[in-house]
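Structure first, then comments.
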Number of protein chains: 2
Amino acid sequence: MSSTIKVLLAEDQSMVREALAALLGLEDDIEVVAQVARGDEVLAAARANDVDVALLDIEMPGCTGIEAAAQLHKALPAVRLVVLTTFGRPGYLRSAMEAGADAFLVKDAPAAQLAEAVRKVLAGERVIDPTLAAAALAEGANPLTDREREVLRAAADGSTNAELATALHLSQGTVRNYLSTAIQKLAVRNRAEAVRIAREKGWL
Amino acid sequence: MSSTIKVLLAEDQSMVREALAALLGLEDDIEVVAQVARGDEVLAAARANDVDVALLDIEMPGCTGIEAAAQLHKALPAVRLVVLTTFGRPGYLRSAMEAGADAFLVKDAPAAQLAEAVRKVLAGERVIDPTLAAAALAEGANPLTDREREVLRAAADGSTNAELATALHLSQGTVRNYLSTAIQKLAVRNRAEAVRIAREKGWL
DNA sequence: TCCTGCTCATGACATCTGTCATGCGGCTCT
DNA sequence: AGAGCCGCATGACAGATGTCATGAGCAGGA
């Protein structure tokens, strides 16, 4: 009999994290050897525990699960990466794959898929929801430039042009130009809608 | 020895729901007898299963856990209600309590509190995070009128005044007036900030 | 080298938003 | 009955926002 699969679990909500650990604990061949609540603690915990698979939530303080995945992929390429998220945003899937993820799961998939994904990635397989993959491909890449994205992200909390200008060290006119082009690229009417759909697509 | 505590679990994300079920399943005295993924399925499931405690997530399709709590409280007052949420918004706590909840838990509390809360509410106790309770009291009640809230909610997706006016069967001027008073009550600069703040406080 | 795209800027313009004063009718509480 | 709040409306005004034309400097690719 082979030894158990060692899993690192990264998820900021304690209750969910421990519940997932309980779920995985029911499997004979899987052992959760480390749990962290922040993205920026993932790498150290992985190093300290010699893990086989890292299970990473995207929405975390410190840094996102996607950033953590990129770090892990670079520093410990042998560790398999399963990215887990609440939101099945195509842009997230794309970023996760670019960061070296082996599997991408949404939290409203059946729980059984979790343990299954852990086993599959260890066997060298990739696990991706086909619907989501199709959506990610159909939608194309993020059309926004770095600056446009930055300005849009900064505008998301309702800041005015003047505040954005000082915060980003730009002129007010430039801020308006960036927002205007972003609005046109996203085919919407105003910044609020632009923020909303950029978020939905995972482009923010 | 007394019989086990029968729990209904309502949470839309399958993976989280089943993980929580696994967690509760580890307790000898607790049994998850029903699981639902929608708010509007809660009442029927509770009726069908003679449950002792209902564990309700707030963010659910169909209807919110708070609305489901209100229905349960009215139809089956013997069922104890534990409201569970991702967001520790004071306004949520307030609404949950008004709906008859016995406990209010946030998902980033330790997992052990879940089973503990189930036992406590069955014993007639109330379980509320003191910090959150203080925040809810300090913040005061929702200052927005029904109409203001409705307009603000409709404005949240970036709709323009004209769209809001037709959608709500109001004149554009009236829409602007409601948004203006909401903006002033929330002490912010524009509708986007108003939406953000109202959301954070759980007033939307 | 030329072309293209990104960043940053300005000015002018039309439209949208937010504010304010004011008014009316309805409801509730005292 | 009167006071006070709410819902709804209008008109006028200032300021914010979105669009467009235009141009500079700087990179990278053909």
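- Rounding to whole angstrom units, CG of residue B:Leu144 and P of D:dC6 are separated by 11 Å.
- Around atom CZ of A:Arg189, no more than 12 heavy atoms belonging to other residues, nucleotides or ligands sit under 6.0 Å away.
- Nearest heavy atoms, B:Val121 versus B:Val118: CG2-O, 3.2 Å.
- For residues 170-185 of chain A, every residue pair satisfying the salt bridge (Lys or Arg N to Asp or Glu O under 4.0 Å) rule, not counting sequence neighbours, is listed here: A:Glu148-A:Lys185.
- Side-chain atoms of A:Asn142 come within 3.5 Å of backbone N or O of A:Trp203 as a donor-acceptor pair.
- A donor-acceptor contact shorter than 3.5 Å links the side chain of A:Ser95 to the backbone of A:Gly91.
- Heavy-atom distances under 4.0 Å link DNA chain D to no residue of residues 193-204 of chain A.
- Under the side-chain contact (heavy atoms from CB on, under 4.5 Å) criterion, A:Ala162 pairs with A:Thr160, A:Gln172, not counting sequence neighbours.
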Would you tabulate the pairs of protein nitrogen or oxygen atoms and nucleotide nitrogen or oxygen atoms of nucleotides 24-30 of chain D closer than 3.5 angstrom?
none

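- Shortest non-hydrogen contact noted between A:Leu93 and A:Ala136 is CD2-CB, 4.0 Å.
- Here the shortest heavy-atom pairing between A:Arg17 and A:Ala37 reads NH1-CB, 3.5 Å.
- Overall, the helix from C:dT1-D:dA30 to C:dT30-D:dA1 carries an axis bend of 40° between its ends, with five pairs at each end and the value rounded to 10°.
- A:Glu125 and A:Arg119 are not joined by a salt bridge, as no carboxylate oxygen comes within less than 4.0 angstrom of a charged side-chain nitrogen.
- Residues of residues 180-192 of chain A that place a heavy atom closer than 4.0 Å to DNA chain C do not occur.
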Can you list, pair by pair, the side-chain donor-acceptor contacts under 3.5 Å of residues 149-159 of chain B, counting residues two or more places apart and other chains?
unit_1: B:Arg149; atom_1: NH2; unit_2: B:Asp146; atom_2: OD1; d: 3.1
unit_1: B:Glu150; atom_1: OE1; unit_2: B:Arg147; atom_2: NH1; d: 3.1
unit_1: B:Glu150; atom_1: OE2; unit_2: B:Arg147; atom_2: NH1; d: 2.9
unit_1: B:Arg153; atom_1: NE; unit_2: B:Leu204; atom_2: O; d: 3.0
unit_1: B:Asp157; atom_1: OD1; unit_2: B:Ser159; atom_2: N; d: 3.1
unit_1: B:Asp157; atom_1: OD1; unit_2: B:Ser159; atom_2: OG; d: 2.7

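- Considering B:Val7, B:Leu122, B:Leu114 as possible partners of B:Ile30, the one that fulfils the side-chain contact (heavy atoms from CB on, under 4.5 Å) test is B:Val7.
- Taking the side-chain contact (heavy atoms from CB on, under 4.5 Å) definition, one finds that B:Glu67 meets it with B:Cys63, B:Thr64, sequence neighbours left out.
- Each of B:Leu43, B:Leu76, B:Ile66 was checked for a side-chain contact (heavy atoms from CB on, under 4.5 Å) with B:Gln71, and the lone residue meeting it is B:Leu43.
- The salt bridge (Lys or Arg N to Asp or Glu O under 4.0 Å) contacts involving residues 193-204 of chain B comprise B:Arg196-B:Glu200, where partners must be two or more places apart or lie in separate chains.
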Under 3.5 Å, which protein N or O atoms sit close to an N or O of nucleotides 10-13 of chain D? Give each pair with its distance.
unit_1: D:dT10; atom_1: OP2; unit_2: B:Ser171; atom_2: OG; d: 3.2
unit_1: D:dT10; atom_1: O4; unit_2: B:Asn177; atom_2: ND2; d: 2.8

- Message: Walk me through whether B:Leu105 and B:Val82 qualify under side-chain contact (heavy atoms from CB on, under 4.5 Å).
- Response: CA-CA 7 Å; B:Leu105 291 179; B:Val82 176; 4.2 Å; yes

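- Residues from residues 147-170 of chain A lying near DNA chain D, meaning a heavy-atom separation below 4.0 Å, are A:Thr160, A:Asn161 in numerical order.
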If you look only at distance, which donor and acceptor atoms sit under 3.5 Å apart when one is on a side chain in residues 50-57 of chain A and the other is two or more places apart or in another chain?
unit_1: A:Asp52; atom_1: OD2; unit_2: A:Lys6; atom_2: N; d: 2.8
unit_1: A:Asp57; atom_1: OD1; unit_2: A:Lys107; atom_2: NZ; d: 3.4

